[in-house]
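Since the structure comes first, as structure tokens, the remarks are kept for the end.
Quick caveat, the model's predicted, so the values are computed rather than measured.
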Amino acid sequence: MDYKDTLLLPKTSFPMRGNLPQNEPKKYKQWDDENVYEKMKANREEASESFTFHDGPPYANGPIHIGHVLNKVIKDIIVKYHYFLGKKVYFTAGWDCHGLPIEHQVEKKVGGAKKKEMAKSKFRGLCREHALKFIEIQKQGFKNVGVIADFNQPYLTLEKKFEANIYRELCRIASKGLLVERSKPVHWSWAAKTALAEAEIEYKDKESHSIYVAFKLQDRDESIIIWTTTPWTLPANQGIVLSEKIEYISTTDGFIVARELFDKLKKDGIVKGDIGETILAEKLEKTKAINPLNGRDSLIMLDDFVSIEDGTGAVHNAPGHGEDDYRICLSYDVQVIVPVDDRGCYDEDINKYNLFKDTEKYLGRNVLTCNEDVLEDLGEALISDNKFTHSYPHCWRTKKPIIFRATKQFFIALDKPYAEDGSTLREKIIGNLDNVKFYPQTGKNRLLSMLERRPDWCISRQREWGVPIAFFRVKATKELILDEKVLNYVAMIFDMHGADAWYDMEIKELLYPGCSHKPDQLEKVNDILDVWFDSGSTWSAVLESREYDAGNFPADLYLEGSDQHRGWFQSSLLVSSASREIAPYKNVITHGFTMDAKGRKMSKSEGNVIDPDKISKEFGSEVLRLWVAMSDYQNDQRISNEIVKQIAEQYRKLRNTFRFLLANTNDLEKISSFDDMKTFDKWFLSLSAQTFKEVSLAFDNYDFAKGLNKINNFLVNDLSGLYLDVTKDRLYCDEKNSLNRLSSMSAMSIITKSMIYLLAPILTYTMDEILANASSTIKENNNDIFDCKHFKLKEIESELSTKDIIEARSKFSELVDVMKKDKSIKSTLELDLKIEPDLFKSIDKEDKEDLFLISNLVKESEEKEINTFEVNGSKFTIYKASGSKCPRCWKFNASKEDSLCERCEKVINV
RNA sequence: GGGAAUAUAGCUCAGCUGGUUAGAGUGCACCCCUGAUAAGGGUGAGGUCCUAGGUUCAAGUCCUAGUAUUCCCA
């Protein structure tokens with residue numbers, strides 16, 4: 001007779017294989033259709049705690065890559081983690097929509113010439129379309145990896161009210177006196193016709209001239225030699241800077257250079273004579289040299305910034321083209337001349353100031369193409385000309401080398417007292433960081449050291465796709481109008497019409513009715529705001545404005561890549577500290593970057609780019625999410641096919657263990673009370689509780705990799721390897737409602753519930769699927785995973801020693817392995833065991849037999865002793881089993897061949 | 001050129017304030033089971049703890065210098 005049908009074998013509708021690539025999209029769509037995000041909020045309407053996550057806006061340009069996925073999935077996991085803890089959570093997705101990259105792409109599409117003819121608002125409309133298109137693409141990409149956020153009312157920096165709010169933030173800062181206007185040399189991209197922020201500059205190798213030029217002194221028959229790498233700035237030369245700290249000498253062939261550099265200069269053939277008299281820099285101060293290019297005066301000035309690392313110890317000064325030059329000229333009251341227009345071409349100023357002998361030759365030409373001509377025109381004054389390659393700033397977008405060019409710009413002043421307590425913005429932001437917790441902690445110092453050193457924030461750009469710095473100026477005086485009523489009215493217009501109104505409407509329409517300013521005497525400022533100002537004010541436009549149901553200000557958490565120390569973390573802190581005097585966030589988490597298998601960055605040219613969409617389609621988004629969670633994301637992570645395969649294996653193990661748990665608890669109707677459970681099961685619950693506590697602790701610190709490693713360990717060793725193996729006999733062979741069986745099934749249900757809760761933030765889809773296929777003891781009244789809430793397994797003491805159990809089993813299986821290998825036994829059920837003295841007194845005979853998967857625990861045996869081992873003072877003796885094999889439970893407990901053992905006999909006859 | 005982070009088994013990660021023979025999972029090899037079966041179990045082989053110095057009775061852990069990779073800045 002086949003007894004298989006009399007067994008209670010595991011049964012479940014939960015499939016072994018997830019078919020994730022096919023099934024996930026359906027579920028994700030369902031969640032989307034049901035608006036699960038809103039449901040989550042409704043579920044926590046009564047929650048006492050809330051958690052505001054403020055999403056850092058990705059740039060709405062191009063499809064998402066693995067870095068976007070990492071970023072959003074970590075956010076999603078953390079938000080869900082707080083949700084399943086029982087908090088009301090907020091996660092409004094956002095996009096950064098303005099800025100040069102989009103403007104540049106649209107410009108490429110329509111063509112530069114066509115763009116010029118186009119009305120500004122028309123062009124801005126095209127930029128808007130471009131951004132909106134990619135927002136949809138990116139949105140879908142995020143949904144495809146199971147991210148749940150407010151995607152229905154996301155915040156977009158291009159929205160009318162959003163633009164109005166950014167503008168209001170600017171006005172608030174202006175009203176505090178922090179906005180200053182200065183003409184200052186800035187990094188200028190002539191190719192993009194805009195000032196560039198530090199963040200928009202890339203350093204690349206460039207070949208430049210290295211030239212030595214002699215400037216003849218007016219009062220002496222000697223020449224000072226200067227060194228420069230930018231010949232094109234020579235026409236704008238206004239002086240030569242020496243340092244009091246450097247000793248200068250004249251040479252017998254009539255040149256003046258630093259004494260320390262003489263040997264080197266002589267070796268290079270720059271000077272040919274010998275050292276003559278010593279010259280004091282002070283003596284030359286305020287005397288004049290002659291610019292050999294145009295015969296203009298060049299004033300000798302002194303400053304300590306001059307170094308003797310290279311050059312001659314005398315520095316060519318063009319105040320329109322260098323920051324130090326500018327500063328020094330200001331102190332000597334020397335005029336700043338900038339004969340270069342926004343396209344990087346020499347303009348009419350070269351005529352006005354007679355900067356060249358033949359100005360016609362240069363007018364309208366890009367300065368970088370003029371170097372050779374300048375050198376030629378220098379004639380004999382050019383002492384040496386070499387080329388060399390050095391690291392030089394380039395425009396991040398156009399990849400063209402940039403120039404320094406003095407322009408009028410708006411700055412946010414960092415060192416000007418403004419706060420109620422009289423502190424400066426720099427002091428304020430540094431102080432505000434005291435109240436912010438950083439993960440990892442090193443992030444705080446990283447941000448601090450930047451804040452201590454950073455210059456004033458240049459927030460103006462001479463571009464079109466952005467929020468206008470919508471201020472009026474008095475034409476005659478260039479004075480800014482910061483009249484509150486004027487600003488408020490403009491903001492109100494932006495609320496209704498968006499910032500395009502600044503371009504579409506006339507000045508008289510933009511002024512409030514009854515305003516005393518005369519429209520025809522005013523002009524508009526045409527600059528737009530740095531996009532970092534946009535994103536820096538999202539806390540205001542999103543959290544404070546009440547336009548979105550996005551949570552509270554300040555936010556509980558900001559989370560971005562570590563590059564945002566320079567970017568968003570800083571711009572947000574600056575804007576919020578300037579206008580509200582507090583930090584916009586309470587916690588900041590940073591993540592690293594995703595590298596290839598070798599830890600190198602991905603790039604198209606290297607061909608090592610991993611497409612997240614491909615992984616979702618081949619393995620499933622859950623595998624991708626598990627990869628994120630198992631990575632040490634606060635550092636750089638690696639991804640490769642091999643790594644993904646490995647993660648897929650971990651997923652498989654996890655899934656199958658859950659499947660077995662579901663299958664084994666399938667017919668349980670009610671979880672037994674603790675008092676009705678056996679010591680052995682309670683022991684395992686205590687072990688589980690200990691593990692889950694450690695996991696929760698790791699998760700509390702957002703260390704998901706550590707927590708998952710613990711879960712994985714538990715799953716493989718304790719659950720799958722021990723508990724589930726040991727309890728099989730009672731589950732399959734015992735009578736349906738035996739105490740043994742109910743007790744173990746109850747423990748399993750509790751453990752399953754705990755693990756579902758722990759893993760729900762990470763493997764939301766899978767946990768939902770598990771729940772749908774679970775028995776009512778696990779599922780309870782929950783319709784889906786989002787109905788679940790924190791289930792914490794309480795900690796209990798157990799008199800059983802986990803250490804002894806593990807050690808005894810390990811020693812036993814070591815001996816068994818030998819027996820199996822020499823074919824003396826096939827199964828441990830062929831064995832009996834004697835434990836003397838009894839190491840496991842607290843559990844009954846059956847539990848001890850099952851613990852070792854043997855047939856009988858004996859006090860003595862007539863069979864031959866096979867082997868012994870010792871654990872913690874107890875001696876374990878292994879015997880061949882004395883009974884016959886029961887055809888139902890396979891234990892060697894039957895009294896004779898082919899007959900059932902006592903237990904099975906009983907079960908069958910019930 | 002400057003600031004910062006990381007470096008432990010083929011892979012993903014542990015290793016607390018310095019203290020036995022450096023751990024786990026996975027992968028790999030071999031074996032068992034076929035009542036978790038496109039599953040499950042067991043055993044085993046894998047390490048110059050990036051390199052070189054130093055402190056110490058004792059260094060994966062502390063110090064110094066360097067290398068590689070990454071991020072940020074000039």
So what does [X] touch, heavy atoms closer than 4.0 Å: a base, only the sugar-phosphate, or nothing?
X      : result
A:K826 : sugar-phosphate
A:W890 : base
A:D563 : sugar-phosphate
A:K444 : nothing
A:R809 : nothing
A:G592 : nothing

Considering only the [atom1] atoms, how many Å lie between [N] and [M], rounded to the nearest integer?
N      : M      : atom1 : answer
B:rC11 : B:rC72 : C1'   : 30 Å
B:rA65 : B:rA9  : C1'   : 28 Å
B:rG44 : B:rC50 : P     : 27 Å
B:rU8  : B:rC62 : P     : 15 Å
B:rG10 : B:rG27 : C1'   : 7 Å
B:rU61 : B:rU17 : P     : 13 Å
B:rU69 : B:rU51 : C1'   : 15 Å
B:rA52 : B:rG60 : P     : 13 Å

Nearest to the side chain of [X] - [options]?
X      : options                : value
A:F593 : B:rC32, B:rU70, B:rG35 : B:rU70
A:S449 : B:rC31, B:rG3, B:rU26  : B:rG3
A:I643 : B:rU12, B:rA38, B:rC71 : B:rU12
A:K728 : B:rU69, B:rA4, B:rA36  : B:rA36
A:K821 : B:rC31, B:rU70, B:rG40 : B:rC31
A:R652 : B:rG40, B:rC71, B:rC32 : B:rG40
A:E642 : B:rU26, B:rG10, B:rG35 : B:rG10

Are OP1 or OP2 of [N] and a side-chain N or O of [X] less than 4.0 angstrom apart?
X      : N      : answer
A:S720 : B:rG41 : yes
A:K4   : B:rG35 : yes
A:K823 : B:rC31 : no
A:N717 : B:rG25 : yes
A:R600 : B:rC71 : no
A:S813 : B:rU43 : yes
A:K601 : B:rC71 : yes

Under a 4.0 Å N-O cut-off, is there an ion pair linking [X] with [Y]?
X      : Y      : result
A:D725 : A:K728 : yes
A:E618 : A:K645 : no
A:D847 : A:R730 : yes
A:R741 : A:D667 : yes
A:K820 : A:E830 : no

For [N], give its Watson-Crick or G-U wobble partner with both distances under 3.5 Å, or none.
N      : result
B:rG53 : B:rC63
B:rG23 : B:rC13
B:rA29 : B:rU43
B:rG1  : B:rC73
B:rA58 : none
B:rU6  : B:rA68

Indicate yes or no: at least one non-hydrogen side-chain atom of [X] is less than 4.5 angstrom from one of [Y].
X      : Y      : answer
A:Y558 : A:F569 : yes
A:L719 : A:M755 : yes
A:I866 : A:M819 : yes

Taking only N/O atoms, report every protein-nucleotides 13-16 of chain B pair under 3.5 Å with atom names and distance.
{"residue": "B:rC13", "atom": "OP1", "partner": "A:D632", "partner atom": "N", "Å": "2.7"}
{"residue": "B:rC13", "atom": "O2'", "partner": "A:N709", "partner atom": "ND2", "Å": "2.8"}
{"residue": "B:rG15", "atom": "OP1", "partner": "A:K706", "partner atom": "NZ", "Å": "3.3"}

**Prompt:** According to the interplanar angle, ranging from 0 to 90°, do the rings of A:H394 and A:Y392 count as parallel (below 30°), tilted (30 to 60°) or perpendicular (above 60°)?
**Reply:**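 Answer is perpendicular, since the angle exceeds 60°.
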**Request:** Indicate whether A:Y732 forms a stack on B:rG35; treat it as stacked only if centroid distance is below 5.5 angstrom and interplanar angle below 30 degrees.
**Result:**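 No; centroid distance or tilt outside limits.
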**Prompt:** Taking the nucleotide of RNA chain B with the closest heavy atom to each, which residue, A:D729 or A:L722, is nearer the 5' end?
**Reply:**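 Nearer the 5' end of the strand: A:D729.
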**Asked** In terms of the nearest nucleotide of RNA chain B, which residue is placed more toward the 5' end: A:E649 or A:D817?
**Response**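 Its nearest nucleotide lies further toward 5', so the answer is A:E649.
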**Prompt:** Would you say the side chain of A:R17 and the base of B:rA38 hold a donor-acceptor pair, judged only by whether the two atoms sit under 3.5 Å apart?
**Reply:**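 Under the 3.5 Å cut-off, the side chain and the base do form a donor-acceptor pair.
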**Item:** Identified salt bridge (Lys or Arg N to Asp or Glu O under 4.0 Å) partner of A:K891 from the options A:D832, A:D734, A:D729
**Value:**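 Result: among A:D832, A:D734, A:D729, A:D729 is the only option passing the salt bridge (Lys or Arg N to Asp or Glu O under 4.0 Å) with A:K891.
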**Where the chi angle of B:rG46 falls, syn if within 90° of 0 and anti if not** =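 Syn for B:rG46; the angle stays within 90° of 0.
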**Asked** Between atom CD in A:E606 and atom C1' in B:rU69, what is the gap in whole Å?
**Response**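 It is 13 Å, rounded to the nearest whole Å.
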**Request:** Calculate, to the nearest 0.5 Å, the distance between atoms CE and CD belonging to A:M630 and A:Q637 respectively.
**Result:**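 Between A:M630 CE and A:Q637 CD, I get 14.0 Å after rounding to 0.5 Å.
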